[in-house]
Number of protein chains: 2
Amino acid sequence: MPKATVERLPLYLQCLQAIGDSETTVSSDALANVAGVNSANVRKDLSYLGSHGVRGVGYDRLELCAQLRRALGLTDKWPVVIVGVGNLGSALANYQGFDASGFNVIGLYDADPSKIGARVDGQRIKSMEDLELDIKKHEVQMAILTTPAGAAQEVADMLVSVGILSILNFAPALLKLPDTVKCRQVDLATELQILSYYQASRPT
Amino acid sequence: MPKATVERLPLYLQCLQAIGDSETTVSSDALANVAGVNSANVRKDLSYLGSHGVRGVGYDRLELCAQLRRALGLTDKWPVVIVGVGNLGSALANYQGFDASGFNVIGLYDADPSKIGARVDGQRIKSMEDLELDIKKHEVQMAILTTPAGAAQEVADMLVSVGILSILNFAPALLKLPDTVKCRQVDLATELQILSYYQASRPT
DNA sequence: TGGGCATCGTGATTCGTTTCACAAGCGCAC
DNA sequence: GTGCGCTTGTGAAACGAATCACGATGCCCA
Ligand SMILES: NC(=O)c1ccc[n+]([C@@H]2O[C@H](COP(=O)([O-])OP(=O)(O)OC[C@H]3O[C@@H](n4cnc5c(N)ncnc54)[C@H](O)[C@@H]3O)[C@@H](O)[C@H]2O)c1
Ligand SMILES: NC(=O)c1ccc[n+]([C@@H]2O[C@H](COP(=O)([O-])OP(=O)(O)OC[C@H]3O[C@@H](n4cnc5c(N)ncnc54)[C@H](O)[C@@H]3O)[C@@H](O)[C@H]2O)c1
């Protein structure tokens, strides 16, 4: 499946949920409007799912949701860990949207001894040793990294060594990882700077 | 300048900072390695800056930084506001990396009366009325939106009506905005779901 | 039961981006 | 000074994705 398509599937899922259960069926055109993409593009994307829309009618909303979820691998909840429970890590730990999206935060971990044992959203912050054990025990494959940039590479190496295969990295650091490990970078500064570019280059 | 290029410029800036001041000069190849892109791509990107590297030598590190900053419109600090000071908004307010990236959080705003007046990282949380006044007074053009998804559209409309031109939206909601307003979406669930896709479709 | 309409699926086309490949240019060593 | 090695800048080619355009098809209603 093309990379560009994969990156739009979660969008479609979100749009379908936004549409709600007023309609039992959705046309590529309707979905395209909500998602802000071209309707032919939507159809081509959905065709990769082996999805079968009905000509003259559209796609069955619930079935399409299910297919998207299946394609994205969201049939079961993924266990994930959060490493680095500072400002950002705590905010993520408190976030209630994980469940709805198909994920389950099974633990919070930090290197700072003074934080260990503290509770965030009902979960106890655990040590880095616990992290290694928990990942192995629960076969966790996904980690959210919210340590300072300086510690990110070191922590990532450790995560990889104990079996993590996907990392969502919030630290502004470019991780060197084996190419068996998939990483996505979320960088606030980058986003703002891109906005800055367009802001600065406005026809005034 | 191509969209794809603009989105890489912040990356280059970050890489240059990571390289540090050990080297006075950087080759496209060196930068490409750190950034994880093709070196011809780097050269083509930098050529849009009107940048002049020196054949046989490379680019002057400091001059290149300055050019990138200029291209991105980071010559002065942009004033930004944070709207919705909950878990995530507070984390962002506490974040110390804004300054280094070229931004200055001038105010925090929330609709919840019980939050107004509370301090986060030394700043008082202010009311939505103050928000309107402050945006107009300081001619703020960029806003960070961290309200619940349900309130996002309404708040965005208000922001636009008082002059905001760029929005960084963390709420999982698709904003309808006039096309004079630029918006970037940061969506945790989307990122995790993309990772989930690749995780699920691994050759096992 | 058949005609018309809405909508899908998809080949062909266009567009934007990445990569390749190499001539041109600079600096340094001898 | 002259030659050699390194690195840029960029046209051309390859690639991937978005869009167009339209035939195929199922549904609804007369
Ligand atoms: N806070 C934000 O809004 C924000 C925004 C964008 C990016 N970031 C990035 O996210 C990361 C976290 O930001 P923050 O504001 O939460 O920082 P923070 O300092 O509040 O939290 C970092 C946490 O990581 C822990 N830590 C440090 N070294 C560790 C290690 N080796 N192993 C495990 N844990 C370790 C610290 O004890 C601390 O609890 C930083 O890299 C920051 O640049 C934060
Ligand atoms: N917390 C996270 O880690 C996280 C992760 C991804 C996405 N998000 C999204 O970010 C947004 C904020 O998340 P959060 O966890 O901080 O939620 P939160 O409920 O803690 O904070 C939301 C804040 O917005 C304020 N607010 C509500 N309505 C408002 C209005 N009309 N105008 C101004 N302020 C208003 C609330 O008073 C509250 O302080 C949500 O949309 C959430 O889905 C959060």
**Asked** Got a sec? Which of residues 10-19 of chain A come in under 4.0 Å of DNA chain D, heavy atoms?
**Response** none
**Item:** Between Glu23(A) and Thr25(A): side-chain donor-acceptor atoms closer than 3.5 Å
**Value:** no
**Between P of dT13(C) and CG of Asn38(A), the distance in whole Å** = 18 Å
**Prompt:** Which pairs count as ring-ring contact (aromatic ring centres under 6.0 Å, His included) when at least one residue sits in residues 79-98 of chain B, sequence neighbours excluded?
**Reply:** Tyr95(B)-Phe98(B)
**Request:** Quick one: list whatever passes ring pair (Phe, Tyr, Trp, His ring centres under 6.0 Å) with Tyr197(B), sequence neighbours left out.
**Result:** none
**Complete:** Sorted by chain and residue number, the salt bridge (charged side-chain N to carboxylate O under 4.0 Å, His left out) partners of Glu63(B) (sequence neighbours excluded) come out as none
**Message:** Considering only residues two or more places apart or on different chains, which pairs with a residue in residues 31-56 of chain B satisfy salt bridge (Lys or Arg N to Asp or Glu O under 4.0 Å)?
**Reply:** Arg8(B)-Asp45(B)
Sort me out a list of protein N/O and nucleotides 7-11 of chain C N/O pairs below 3.5 Å, or just none if empty.
unit_1  : atom_1 : unit_2   : atom_2 : d
dT7(C)  : O4'    : Gly56(A) : N      : 3.1
dT7(C)  : O2     : Gly56(A) : N      : 3.4
dC8(C)  : OP1    : Ser28(A) : N      : 2.7
dC8(C)  : OP2    : Ser28(A) : N      : 3.4
dC8(C)  : OP2    : Ser28(A) : OG     : 2.5
dC8(C)  : O2     : Arg55(A) : NH1    : 3.2
dG9(C)  : OP1    : Ser51(A) : O      : 3.4
dG9(C)  : OP1    : Gly53(A) : N      : 3.0
dG9(C)  : OP2    : Tyr59(A) : OH     : 2.6
dG9(C)  : O4'    : Arg55(A) : NH2    : 3.1
dG9(C)  : N7     : Arg43(A) : NE     : 2.8
dG9(C)  : O6     : Arg43(A) : NH2    : 3.0
dG11(C) : O6     : Lys44(A) : NZ     : 3.2

Do any side-chain atoms of residues 74-82 of chain B form donor-acceptor pairs under 3.5 angstrom with protein atoms, and if so which ones, sequence neighbours left out?
unit_1   : atom_1 : unit_2    : atom_2 : d
Lys77(B) : NZ     : Asp99(B)  : O      : 2.8
Trp78(B) : NE1    : Ser196(A) : OG     : 2.7
Trp78(B) : NE1    : Gly73(B)  : O      : 3.0

Would you mind writing out the side-chain donor-acceptor pairs for residues 156-171 of chain B within the sub-3.5 Å range, not counting sequence neighbours?
unit_1    : atom_1 : unit_2    : atom_2 : d
Asp157(B) : OD1    : Gln153(B) : NE2    : 2.9
Ser161(B) : OG     : Met158(B) : O      : 2.7
Ser166(B) : OG     : Gln199(A) : OE1    : 2.4
Asn169(B) : OD1    : Ala171(B) : N      : 3.0
Asn169(B) : ND2    : Ala171(B) : O      : 3.2
Asn169(B) : ND2    : Ala173(B) : O      : 3.1
Asn169(B) : ND2    : Gln185(B) : OE1    : 3.1

**Message:** According to salt bridge (Lys or Arg N to Asp or Glu O under 4.0 Å), does anything in residues 167-186 of chain A pair up with another residue at least two apart or in another chain? List the pairs.
**Reply:** Glu7(A)-Arg184(A), Arg184(A)-Glu191(B)
**Fill in**
Those residues at least two apart in sequence (or on a different chain) that pass side-chain contact (heavy atoms from CB on, under 4.5 Å) with His52(A) are none
**Item:** Covered region of DNA chain D, 5' end to 3' end, by chain B [heavy atoms, under 4.0 Å]
**Value:** dC6(D) to dA12(D)
**Item:** Pro148(A): side-chain contact (heavy atoms from CB on, under 4.5 Å) partners, not counting sequence neighbours
**Value:** none
